[in-house]
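Below you'll find the structure, written out as structure tokens, and then a few comments.
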There are 2 protein chains.
Amino acid sequence: MQRETRQRKAIRRALTEAGHPLSPKEIHEAAGALVEGLGIATVYRNVNALLEEGWLVAVELPGEAPRYERAGKEHHHHFHCRKCDRVYEVEGCPGNITAVTPAGFQLERHEFVLYGLCLSCAA
Amino acid sequence: MQRETRQRKAIRRALTEAGHPLSPKEIHEAAGALVEGLGIATVYRNVNALLEEGWLVAVELPGEAPRYERAGKEHHHHFHCRKCDRVYEVEGCPGNITAVTPAGFQLERHEFVLYGLCLSCAA
DNA sequence: GTCGTTGCAAAGCGTTTGCAGCCTA
DNA sequence: TAGGCTGCAAACGCTTTGCAACGAC
């Protein structure tokens with residue numbers, strides 16, 4: 001990654017200003033409003049480049065298309081509201097993870113996703 | 001779902017005997033060994049039919065194609081080996097889940113996925 | 001001016017669908 | 001024998017890749 005093109009700037013800006021994880025399509029729409037004729041291939045190429053650079057992290061929810069958010073956040077998990085489809089960050093980590101790891105298995109990382117209704121949808 | 005064809009029998013058997021969640025491709029390979037010339041489209045059609053029937057449940061891992069396992073198992077989670085790409089079942093649940101749920105949120109279900117190396121790949 | 005980057009279009013890849021013929025009940 | 005089911009191939013949607021032109025440094 002060496003050149004800061006108009007396209008890359010627009011993609012960075014779209015992700016920074018969104019405040020929540022964006023899908024490639026959403027990035028294309030948001031950044032496309034800033035740069036005329038932005039190609040979807042450019043979005044994918046930049047997303048992958050930004051992932052490699054460590055500027056982005058993928059938020060992969062089961063059964064959902066991957067979304068992307070800015071890197072640098074603390075270890076957290078996600079709560080997925082089934083009604084409004086929004087994703088919330090959840091602090092902390094439940095209990096002893098190594099305890100449930102089968103003997104001989106090498107645990108490297110884990111994902112943890114909560115499903116249900118968020119505060120406003122539960123009301 | 002009305003007819004128990006050779007193909008459907010083979011798919012049911014493959015899933016029953018596997019003992020761990022299978023991807024459509026894995027189902028195709030396993031059931032294809034039992035029925036000559038089994039088509040991949042038939043696998044997809046039957047998987048969807050068996051899901052609707054409630055005989056199967058989808059195991060959806062973040063960023064992964066869905067896999068399928070027999071319904072009716074006890075509550076469990078999964079371990080995904082990054083080397084052999086297989087998915088193992090993990091017994092138990094790591095501690096206090098409600099404790100990390102934000103106040104006011106209605107928790108309905110949760111997914112928990114471990115990543116790393118399985119017993120044979122870690123050796 | 002170099003060469004990393006872009007837009008377009010085509011290629012991949014996994015999944016779904018249309019269709020004519022097959023085979024289970 | 002009827003019509004649900006199958007294999008094949010084409011269609012699909014999303015992502016990646018090849019290529020010639022563009023433009024950041």
Side-chain angles (χ1 to χ4, degrees), chain A residues 1-16 18 21-69 85 87, chain B residues 1-15 18 20-69 80 82 84-87:
Chain A
M1 174 141 319
Q2 306 175 359
R3 296 181 190 175
E4 199 64 14
T5 60
R6 279 173 306 133
Q7 291 84 347
R8 186 161 298 159
K9 267 184 200 139
I11 289 168
R12 276 200 153 101
R13 190 170 156 199
L15 283 157
T16 302
L22 297 180
S23 65
K25 195 181 135 207
E26 289 172 322
I27 297 170
H28 188 215
E29 286 165 2
L34 306 171
V35 175
E36 195 71 21
L38 176 67
I40 187 69
T42 299
V43 171
Y44 280 105
R45 276 189 284 236
N46 275 286
V47 164
N48 288 330
L50 291 168
L51 280 174
E52 232 170 272
E53 189 192 289
W55 192 87
L56 269 188
V57 289
V59 178
E60 296 176 326
L61 302 183
E64 295 276 318
R67 297 151 202 242
Y68 303 92
E69 66 181 5
D85 201 43
V87 174
Chain B
M1 173 139 320
Q2 307 175 1
R3 295 184 188 173
E4 198 65 14
T5 60
R6 278 174 308 131
Q7 291 84 345
R8 185 161 299 159
K9 268 184 198 138
I11 289 168
R12 277 199 152 102
R13 190 170 155 196
L15 283 156
H20 65 98
L22 296 180
S23 65
K25 194 181 136 207
E26 288 173 321
I27 297 171
H28 187 216
E29 287 166 1
L34 306 171
V35 174
E36 197 69 21
L38 177 67
I40 186 69
T42 299
V43 171
Y44 281 104
R45 278 189 283 235
N46 275 285
V47 164
N48 289 330
L50 291 168
L51 280 174
E52 233 169 272
E53 189 191 291
W55 193 86
L56 270 188
V57 289
V59 178
E60 295 179 326
L61 305 183
E64 288 284 314
R67 292 150 204 254
Y68 305 91
E69 67 182 6
H80 184 201
R82 68 161 159 83
C84 69
D85 201 41
R86 272 217 280 184
V87 173

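- For E53(A) and dG4(C), the CD to C1' distance is 14 Å, given to the nearest whole Å.
- Put simply, the side chain of R6(A) never gets that close to the backbone of V35(A): no donor and acceptor are under 3.5 Å apart.
- Note that CD1 of I27(B) is 12.5 Å distant from CZ of R12(B), once rounded to the nearest 0.5 Å.
- Residues L50(A) and I11(A) have side chains in contact (heavy-atom distance under 4.5 Å, counting atoms from C-beta outward).
- Put simply, CD on E36(B) is 14 Å from P on dC23(C), counting in whole angstrom units.
- Between the CZ atom of R8(B) and the C1' atom of dC23(C) there is a distance of 13 Å, given to the nearest Å.
- Between the CG atom of N46(B) and the P atom of dT17(C) there is a distance of 15 Å, given to the nearest Å.
- Counting heavy atoms from C-beta on, the side chains of H80(B) and R67(B) come closer than 4.5 Å.
- Looking at heavy-atom distances under 4.0 Å, L38(B) makes contact with sugar-phosphate atoms alone, never a base.
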Report all interatomic pairs (protein N or O, nucleotide N or O of nucleotides 18-20 of chain D) with separations under 3.5 Å.
from	atom 1	to	atom 2	distance (Å)
dG18(D)	O6	R45(A)	NH1	3.3

Distances for protein N or O near nucleotides 21-25 of chain D N or O, under 3.5 Å:
from	atom 1	to	atom 2	distance (Å)
dG23(D)	N2	R3(A)	NH1	2.3
dA24(D)	N3	R3(A)	NH1	3.4
dC25(D)	OP1	E4(A)	N	3.4

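- At whole-Å resolution of the value, CD1 in I40(A) and P in dG12(C) are 20 Å apart.
- Atom CG of N48(B) and atom P of dT17(C) are 9 Å apart (whole Å).
- To the nearest 0.5 Å, atom OH of residue Y68(A) and atom CG of residue L51(A) are 6.0 Å apart.
- Between H28(B) atom NE2 and dC13(C) atom C1' there is a gap of 15 Å when expressed in whole angstrom units.
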